[in-house]
Amino acid sequence: VLSAALFFGLIRPWANWSERIGTDFTSNLNRISQLQDSISYLNQQLSTSNSEVVFGDVMRANDMGLARAQIQASLDDLAVSHNIRFRTISPINSPKIDQFQSLAFRIETETDLASLRDFLSSLEQAKPMILVETGSLRRLSRSSSEVLQPMLNVQLDVFAPIILEDEALP
């Protein structure tokens, strides 16, 4: 009777607990293995897609003068399509970007908030890639009952990474 009580009271619960822990441990090891496989797959996809997106969207040109003209034309076309007229667009120092040349411009304009929003949205999707480095907005105090959106003084520093064709990446 004492051995049966000892078996059912101590040994059997401990054996069940030990078996459950072993099963949980094996299940967790399998889950960890699955997660590591998923992480490896996602890292592979990320590196593949990043190189396709980044290098595919970068402007390619034969010389920097041609690239400068193309970027200015692209910016102007985007602005005109959103009823924006640049007051100035001038070259500024370009940021250093690994593996790329770059050209940067300071854009100044006055526009309403809706047009600016649409312009920035289009700029975000622009191909070749044009990036906004910094921006400054200041609300203008002009009051007109005809204007529903606030008028803004806008200054944007934008840049475009460039691959010169003689330096083209493989």
Side-chain angles (χ1 to χ4, degrees), residues 31-170:
R31 182 69 179 139
I32 288 171
S33 177
Q34 290 172 348
L35 290 172
Q36 287 174 333
D37 291 344
S38 293
I39 289 170
S40 296
Y41 174 76
L42 291 172
N43 280 332
Q44 179 186 11
Q45 292 297 316
L46 180 64
S47 66
T48 301
S49 66
N50 275 349
S51 64
E52 289 172 3
V53 169
V54 170
F55 296 134
D57 293 347
V58 172
M59 173 177 278
R60 296 173 185 271
N62 291 327
D63 67 66
M64 292 300 272
L66 178 60
R68 179 174 287 115
Q70 289 174 336
I71 293 167
Q72 285 179 311
S74 294
L75 287 168
D76 193 51
D77 290 345
L78 280 174
V80 168
S81 71
H82 297 290
N83 297 319
I84 295 175
R85 303 283 182 254
F86 294 144
R87 191 169 4 138
T88 62
I89 179 168
S90 53
I92 58 174
N93 289 332
S94 301
K96 302 293 182 214
I97 306 172
D98 291 342
Q99 301 178 347
F100 300 105
Q101 301 285 330
S102 68
L103 287 171
F105 299 91
R106 175 162 293 144
I107 299 168
E108 294 182 11
T109 189
E110 292 179 0
T111 188
D112 63 86
L113 184 59
S115 295
L116 177 62
R117 179 199 61 223
D118 294 342
F119 171 74
L120 290 175
S121 179
S122 294
L123 191 60
E124 181 178 28
Q125 303 300 319
K127 304 231 183 314
M129 183 186 321
I130 300 174
L131 304 166
V132 176
E133 186 171 23
T134 60
S136 172
L137 306 176
R138 188 174 43 98
R139 186 176 184 152
L140 298 174
S141 59
R142 296 183 196 143
S143 61
S144 170
S145 59
E146 299 169 7
V147 178
L148 299 176
Q149 292 285 322
M151 291 299 291
L152 303 170
N153 179 292
V154 179
Q155 179 179 311
L156 298 174
D157 290 351
V158 299
F159 70 95
I162 299 166
I163 296 175
L164 292 177
E165 289 298 339
D166 57 328
E167 298 175 2
L169 296 172

Let me check something: any side-chain donor-acceptor pairs from residues 90-97 under 3.5 Å, sequence neighbours excluded? List them with distances.
| from | atom 1 | to | atom 2 | distance (Å) |
| --- | --- | --- | --- | --- |
| S94 | OG | S102 | O | 3.0 |
| S94 | OG | A104 | N | 3.2 |

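- Q70 and A61 make their closest contact through OE1-CB, 4.3 Å (heavy atoms, listed as atom of the first residue, atom of the second, distance).
- For T134, the side-chain hydrogen bond (donor to acceptor under 3.5 Å, both in side chains) partners two or more places apart in sequence, or in a different chain, are D157.
- In this structure, the separation between CG on N153 and CD on E108 is 7.0 Å, given to the nearest 0.5 Å.
- L113 contributes atom CG, which lies 10.5 Å from atom CE of M151 (distance to the nearest 0.5 angstrom).
- For residues 114-123, the side chain to side chain donor-acceptor pair (under 3.5 Å) pairs, not counting sequence neighbours, are H82-S122, D112-S115.
- Atom CZ of R138 has 12 or fewer heavy atoms from other residues, nucleotides or ligands within 6.0 Å.
- Within the model, atoms CD1 of I89 and OG1 of T109 stand 10.5 Å from one another, a figure rounded to the nearest 0.5 Å.
- Within a 6.0 Å radius of CD in E124, no more than 12 heavy atoms belonging to other residues, nucleotides or ligands are found.
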Going through the checks in order, is the side-chain contact (heavy atoms from CB on, under 4.5 Å) test met by L123 and L75?
-> CA-CA 8 Å; L123 191 60; L75 287 168; 3.8 Å; yes

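- M129 contributes atom CE, which lies 11.5 Å from atom CD1 of I71 (distance to the nearest 0.5 angstrom).
- Closest of all the heavy-atom pairs between I130 and A160 is CG1-CB, 4.4 Å.
- The heavy-atom pair separating R139 from L152 by the smallest distance is CA-CD2, 3.8 Å.
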L156 vs L120, side-chain contact (heavy atoms from CB on, under 4.5 Å): CA-CA, chis, key distance, verdict = CA-CA 10 Å; L156 298 174; L120 290 175; 3.9 Å; yes

Output, in order, the C-alpha distance, side-chain angles, deciding distance and verdict of side-chain contact (heavy atoms from CB on, under 4.5 Å) for T88 and R106.
-> CA-CA 8 Å; T88 62; R106 175 162 293 144; 5.8 Å; no

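- Note that CD of Q155 and CZ of R87 are 9.0 Å apart. Values are rounded to the nearest 0.5 Å.
- Annotation: side chain of Q72 is not in contact with side chain of L103 (no heavy-atom distance under 4.5 Å).
- Atoms CD1 and CG, on I32 and D37 in that order, are 12.0 Å from each other to the nearest 0.5 Å.
- Two residues are said to be in side-chain contact when any heavy atoms from C-beta on lie closer than 4.5 Å; L137 and L116 meet this criterion.
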In sequence, state the C-alpha distance, the side-chain angles, and the governing distance for V154 and I107, and then conclude on side-chain contact (heavy atoms from CB on, under 4.5 Å).
-> CA-CA 8 Å; V154 179; I107 299 168; over 6 Å; no

